[in-house]
Number of protein chains: 2
Amino acid sequence: MKKNYTIKDIAELAGVSKGTVDRVMHKRGKVSSKALEKVNKVLDKIEYKPNPIAKSLKNNKVYNIAILLPDANEDPYWLPCYEAIDQIENEFSHFGIKINKGLFKPYSTKSFKKAAELVISKKPDALLMVPLFNKEAEIIAEKCLEASIKIATFNNYIKDHKVNLEIGQNLFQSGRVAAKLFNMLFGKKASLAVLHIDEAFQNASHMQEKERGFKDYYTQKEDLDYSITVYNLNKNSKISLEENIESFLKTVHEVDGIFITTSKSYLLANPISSYLPNSIIIGYDLVAENIKFLKEDKIAFLIHQDPKKQVYLSLTRLIEFFLFDKAFQESVTLPIDIINTENYQQYLD
Amino acid sequence: MKKNYTIKDIAELAGVSKGTVDRVMHKRGKVSSKALEKVNKVLDKIEYKPNPIAKSLKNNKVYNIAILLPDANEDPYWLPCYEAIDQIENEFSHFGIKINKGLFKPYSTKSFKKAAELVISKKPDALLMVPLFNKEAEIIAEKCLEASIKIATFNNYIKDHKVNLEIGQNLFQSGRVAAKLFNMLFGKKASLAVLHIDEAFQNASHMQEKERGFKDYYTQKEDLDYSITVYNLNKNSKISLEENIESFLKTVHEVDGIFITTSKSYLLANPISSYLPNSIIIGYDLVAENIKFLKEDKIAFLIHQDPKKQVYLSLTRLIEFFLFDKAFQESVTLPIDIINTENYQQYLD
DNA sequence: TAATTTAGTGTGTTCGAGCACATTTTCTAC
DNA sequence: GTAGAAAATGTGCTCGAACACACTAAATTA
């Protein structure tokens, strides 16, 4: 059982005043070599960690954390993040934590840039963001670095750019999870489809990673008789998303499993029952519409990316850094939760 | 944006001294009705919550939390709990949190009672325990109540006894999760077995709950052609556990899915391949031996009860209560994680 | 009316870290 | 040997809550 030493304790042990101890610790100079040695001798013997509570009280600083994330009105996937933010704000308001939300449209780089500029102009101590647009995010990150604003990301990564904190899921591996589930369901012979459904393009790298993981699993398995076909059901200049889905359903005749790499499974889940009644869907994310179809057994599994947990964890890590000098663990990968009708409830809080 | 008011602020607003404000807040009397009114008027207008950091610093109290849990040498299921305890101890030692571990043999009520007595005799501020033995746990809980020791449980519940904090999993529901997985795998026709494998009896209620949930799922489903047989593979006075497993494997000839309600799936996973090579196992818990067989595809799914998270959460809730006056949320139910070969890694930390 | 209790109020100290400022010691120059 | 600068060291205040204690004013008793 070790004692928690205070500066006063150390001063007494070393035979100097707490001022001198303080100067040694903060390397502020103005200390004689004799005194330095005396203090260091004590410091070597005992293990001193400053009391974070006293530190925090003295500091009495307000930390501004900016969060840049998509508007949940545009995509309900982001809604749980808001809850996490509210919760954190409540819990830590008395610790001097202020949070400033910046929302952007998930399909507009312009909106992203605008929201980012606005949020940065207020000179926060940290910026937590969803870097949906890699190039633009990189520029923002660069600006933060210059202004010595701590930078953290969640849900997505910035390629080739170091950040202080990076929280997300192993997307490649989540593709493998889906593949494994299909493998269990269908055994040796399977006709599979990977569907990228999205109205916008910014999730491209996300979707690709998942597809790669999915294929990787099957490639590694030997003596399996399978086929994987990839479809891009995106809105483009010529045809709408709905039309694209419709034509997909008309063209494809036999498919055992459909892996949908975005949270838009619900767009397929309903029409599919008339076209491909025996196909099984695995999708992503616990948004309300997906859960509805999960309950109706039109979606077999959902993979949960837990955006709420991602935000919560990011924010607590930032706060612990500011308040208690806790070092960042640069990259954190969250579990890949497998969801079915029987366990979705527990993940919703 | 609301300000964080201090006692001094309130004193000034009310035109009294901080001493008077303090007396009003703590209802210590010695306040004139006139002053009381003045202070209450201010208190009604603003929202005051005392600064938890200042409070904690002033308090400067050491909180002793006792933990009563099984010896991991007897059952590796408990090993992750130790990590959580170490982590918490490290993280909160400067907040005046001291943790005292009490270990007991998971098959001996005597050992439980002894460890409990020892731990309580040191008059901790809280006792967190795994109430494996209901009757004995109830007695201990009663003693805690008398000594006004806060009481929390994890992994198991105490029947008919109120505790301050109760953290666990919905076992009934986890049985349903397993059933759903089998239903997905086998479709309309399935021959199923529920196996209770354990050397001791103290998990009886646990196992029963899981069995009930499992059966409940199939009972609710209509037009399914299924059979569920329940086996108790426990050591008893006449035959050993190994012999019991052996005889089970010899007797049973055709079974599609086997649901094992304890963490002992590994005992069955190996011998089964020669007797029932086509049977699929769903078990519980990420203990090393189970993971080994999961990787070899001899166990299809594991349901994760996350004892580490249970301890971590229990302890942080207790600490938040002591340090920051955060009220208890009496009962917390953790998610039921579905684990396969592709996602187990992320749950291990 | 003076002496003394009692209700009501305000002041000052503590917790530990951190820093400004005051004080003491040492060094340098003439 | 002493003035003056420079270096080294110690003291004291702050953050906000909590409580002990000192103090004032009103009430009670002799």
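Lettering follows sequence order; numbering is per chain, from 1.
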Q: Note the angle between the end axes of the helix from C/dT1-D/dA30 to C/dC30-D/dG1, five pairs defining each, rounded to 10 degrees.
A: 70°
Q.
Heavy atoms within less than 4.0 Å of DNA chain C: which residues of residues 48-57 of chain A have one? Give them sorted by number.
A. A/Y48, A/P50, A/N51, A/A54, A/K55
Q) Does A/T6 have any side chain to side chain donor-acceptor pair (under 3.5 Å) partners at least two apart in sequence or in another chain, and if so, which? A) A/D9
Q: Please determine if B/E138 and B/K159 form a salt bridge, counting it only when a charged side-chain N lies under 4.0 Å from a carboxylate O.
A: no
Q: Any pair with a residue in residues 79-89 of chain A that passes side chain to side chain donor-acceptor pair (under 3.5 Å), sequence neighbours left out, goes on the list, sorted by first then second residue, please.
A: A/E83-A/K308
Q.
Under the rule for side-chain contact (heavy atoms from CB on, under 4.5 Å), what residues qualify as partners of B/Y347, not counting sequence neighbours?
A. A/P335, A/D337, A/Y347, B/L286, B/H304, B/D337, B/I339, B/N343
Q) Which residues in residues 26-34 of chain A have at least one heavy atom lying under 4.0 Å from any atom of DNA chain C? A) A/H26, A/R28
**Q.** B/Y63: partners by side chain to side chain donor-acceptor pair (under 3.5 Å), with sequence neighbours left out
**A.** B/N59
Q: Please list, chain by chain and in numerical order, all residues satisfying side chain to side chain donor-acceptor pair (under 3.5 Å) with A/Q329, sequence neighbours excluded.
A: A/R317
Can you name the atoms? Protein N/O to nucleotides 10-12 of chain D N/O, anything below 3.5 Å, with the distance.
| from | atom 1 | to | atom 2 | distance (Å) |
| --- | --- | --- | --- | --- |
| D/dG10 | OP2 | A/S17 | N | 2.7 |
| D/dG10 | OP2 | A/S17 | OG | 2.9 |
| D/dG10 | OP2 | A/T20 | OG1 | 3.1 |
| D/dG10 | N7 | A/R23 | NH2 | 3.0 |
| D/dG10 | O6 | A/R23 | NH1 | 3.1 |
| D/dG12 | O6 | A/K18 | NZ | 2.9 |

Q. First and last nucleotide of DNA chain C touching chain A, 5' to 3', heavy-atom cut-off 4.0 Å?
A. C/dG16 to C/dC19
Q) Can you give one letter per nucleotide of nucleotides 22-27 of chain D, 5' to 3': B if a protein heavy atom sits under 4.0 Å from the base, S if only from the sugar-phosphate, - if neither? A) ------
Q) Taking DNA chain C as the partner, which of residues 317-328 of chain B come within under 4.0 angstrom of it by heavy atom? A) none
